Amino acid sequence: MIGDAVLVFNRMPRQDTISWNSVISGCSSNGLNSEAIELFIRMWTQGQELDSVTLLSVLPACAQSRYWFAGRVVHGYSVKTGLIGETSLANALLDMYSNCSDWQSTNQIFRSMGQKNVVSWTAMITSYMRAGLFDKVAGLLQEMVLDGIRPDVFAVTSALHAFAGDESLKQGKSVHGYTIRNGMEKLLPVANALMEMYVKCRNVEEARLIFDRVTNKDVISWNTLIGGYSRNNFPNESFSLFSDMLLQFRPNAVTMTCILPAAASISSLERGREIHAYALRRGFLEDSYASNALVDMYVKCGALLVARVLFDRLTKKNLISWTIMIAGYGMHGFGKHAIALFEQMRGSGIEPDAASFSAILYACCHSGLAAEGRRFFKAMQKEYKIEPKLKHYTCIVDLLSRTGDLKEALEFIESMPIEPDSSIWVSLLHGCRIHKNVKLAEKVADKVFKLEPENTGYYVLLANIYAEAERWEAVKKLKNKIGGRGLRENTGYSWIEVRSKVHVFIADNRNHPDWNRIAEFLDDVARRMRQEGHDPKKKYALMGADDAVHDEALCGHSSKLAVAFGVLNLPEGRPIRVTKNSKVCSHCHEAAKFISKMCNREIILRDSSRFHRFEGGRCSCRGYL
DNA sequence: CTAGGGTTAG
């Protein structure tokens, strides 16, 4: 009841230092940061005596509001009066500077401290973490122990948080051991921090074990594991845990941001809409995290217009909101819209960062806007001083490859200041296929095989390039080379949601109860395609009649099956939404185009790199597969 | 009257 406390304070006939301290600390612990700082200034200018508790009470307010200047003043006063010699005050200064991202001052104070206690060390761990220097935390922890300080619950949770951010499972496990040895692993903050560490290190099973052993779970425990399942691609586990939660615990707005990505990852519009309705009823959409996650969910479920309406209604758009929408237009092939939005964002005074540039470059790339893409790439470096990362380079290589500037793309890769990864070479390899440059393809494929020898899909890609050039002897040679590796390992699959049920189609899945109807329908489609002059040329290398291993073994044309299932089972007029775990093959792409015209239906297909919207025999990707 | 910790969106 800070308001009442202030009233009492104001009516006191005489206030001493303790009265002032009480009310200042009351303000800062209730989030009234500017009020705390104002009171502090009034106290000082009125000549009231300040002591170390005064400074300790105002510093958290400076830290929380990132009011560096006020903190600096307190620091100066502490040095002049010698109060900085008190460990507790120095600790508060550490946290203030670390919150204000003044890394240098934090370090300087820590080094000059005579007496360091467990709080000082914990503040430093947090500070390293905030500065992104995760790798230094382990060393700091060791130093701390050597200094004779035993990490307590606070130190442990801080360190775990750092190891989560760094994905250092080994260090995290060693802290886990420490917590068990010291009997603190069941304390809620520790258990939650351990779960977060395991989840971020992609070990959800271990996180689950901890979750099941915690008896007094709080909302953070639930959210951590639900979010853990989502981010590690276990959408079903995420949904089922969320259902469990609804039966015994009240979710909050953070829960929405943990569960929504699960719906987004499998493009489940029905699930997404259920969560939307729930969040709306509970008033969670006031939360900027939740509403951004909601827009992203609609984007990824292919409901671009709904996403846009919700985006427009956001009362406060931050960098994340804009980036979600820009990336959304990019995924759906609306490059021009993405650019317009990007400019609008800059006009509203929001500065793009590395991630938003990767969204806009991606958008240019998937709409074939080469000149614009290059312009953004330049602006990013020159105007915004952002160092391009692999993602950005990949977009440019993709752009140059698609437009046929293969030589320039190669030179671009060779001139990169950072080591190119396989995906960059794969972009160029796809370019070689589109523009039929076998010679360069061989050279590039060699790089890809060296970097990813296990990924058989790339051998198929090269074989297809040979085949399209009718270089059959080279196809044969390559086939012999890869013969024993089993091309069926990474199968593609597609899924579609019909009446709240997800139907998954894998290559040649004849087990589906509707198989006969699907086959019949697709036979009909193939016959009509032939009648209209679509020639199913045997242009794909591994499709030789003599060989069981062919392109289809890796695709199985699962998207075609899912589309057919949709046509047969969804009411007329409803769009058919299919999702695929890898790139759609050109065969399915052609078939989807044809079906959209033949049945007069809208087909929205999300593959691993973008959305394809088929209508009247055309696709929104305009050939930029 | 006083210092450090755990969940979330691109």
Side-chain angles (χ1 to χ4, degrees), chain A residues 5 16-26 28-29 51-60 63 83 86-96 98-99 117-127 129 151-162 164 187-197 199-200 217-228 230-231 251-261 264 284 287-297 299-300 314 318-328 330 352-360 362:
Chain A
D16 65 2
T17 298
I18 293 183
S19 342
W20 282 97
N21 289 353
S22 305
V23 77
I24 290 172
S25 108
S28 34
S29 52
D51 63 8
S52 60
V53 177
T54 319
L55 308 182
L56 278 171
S57 306
V58 73
L59 278 171
L83 289 170
E86 289 185 28
T87 306
S88 55
L89 184 55
N91 287 343
L93 285 166
L94 279 180
D95 190 53
M96 182 276 297
S98 132
N99 256 309
N117 62 14
V118 66
V119 178
S120 329
W121 288 95
T122 308
M124 269 326 267
I125 292 174
T126 314
S127 172
M129 204 181 63
D152 63 0
V153 174
F154 288 78
V156 158
T157 46
S158 262
L160 283 172
H161 193 52
L187 295 173
L188 205 49
V190 175
N192 287 343
L194 280 169
M195 279 167 49
E196 189 217 353
M197 184 276 293
V199 146
K200 295 248 166 93
K217 298 176 191 52
D218 65 359
V219 69
I220 296 180
S221 324
W222 288 95
N223 290 348
T224 304
L225 195 58
I226 292 173
S230 296
R231 69 159 60 222
N252 61 10
V254 176
T255 317
M256 303 300 103
T257 63
C258 293
I259 186 72
L260 280 166
F284 290 151
D287 183 273
S288 73
Y289 279 70
S291 51
N292 282 341
L294 190 70
V295 174
D296 189 50
M297 181 278 291
V299 161
K300 296 207 172 119
L314 291 177
N318 60 17
L319 180 58
I320 309 282
S321 331
W322 289 97
T323 308
I324 288 167
M325 207 58 227
I326 291 165
D353 66 354
S356 44
F357 268 110
S358 92
I360 192 70
Y362 171 94

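The sequence lines fix the lettering, A, B, ..., with proteins before strands; numbering per chain opens at 1. Because the structure is predicted, anything quoted here is derived from the model rather than measured.
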With sequence neighbours left out, write down each residue that passes side-chain hydrogen bond (donor to acceptor under 3.5 Å, both in side chains) with [X], or none if nothing qualifies.
{"X": "A/T126", "value": "A/S158"}
{"X": "A/D16", "value": "A/S19"}
{"X": "A/D51", "value": "A/N21, A/T54"}
{"X": "A/S29", "value": "none"}

With sequence neighbours excluded, what pairs up with [X] under the side-chain contact (heavy atoms from CB on, under 4.5 Å) test?
{"X": "A/V156", "result": "A/P151, A/L160, A/V175, A/Y178, A/T179, A/M184, A/V190"}
{"X": "A/I320", "result": "A/N292, A/N318, A/I324"}
{"X": "A/V254", "result": "A/N223, A/N252, A/T257, A/C258"}

Could you check if a side-chain atom of A/R231 sits within less than 4.5 angstrom of a side-chain atom of A/V199, using non-hydrogen atoms only? yes
Looking for any heavy atom pair under 4.0 Å, which part of the strands does [X] touch: base, sugar-phosphate only, or nothing?
{"X": "A/V23", "value": "nothing"}
{"X": "A/N252", "value": "nothing"}
{"X": "A/S88", "value": "base"}
{"X": "A/L188", "value": "base"}
{"X": "A/T54", "value": "nothing"}
{"X": "A/N318", "value": "base"}
{"X": "A/K217", "value": "nothing"}
{"X": "A/A359", "value": "nothing"}
{"X": "A/I24", "value": "nothing"}

Chain A footprint on DNA chain B, 5' to 3' - any atom under 4.0 Å from a heavy atom: B/dC1 to B/dG10
Does anything in residues 321-328 of chain A reach DNA chain B, meaning a heavy atom under 4.0 Å, and if so which residues?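 Contacting residues: A/T323, A/I324.
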Hey, what do you get for CG (A/L194) to CD (A/E196), rounding to the nearest 0.5 Å? 10.0 Å
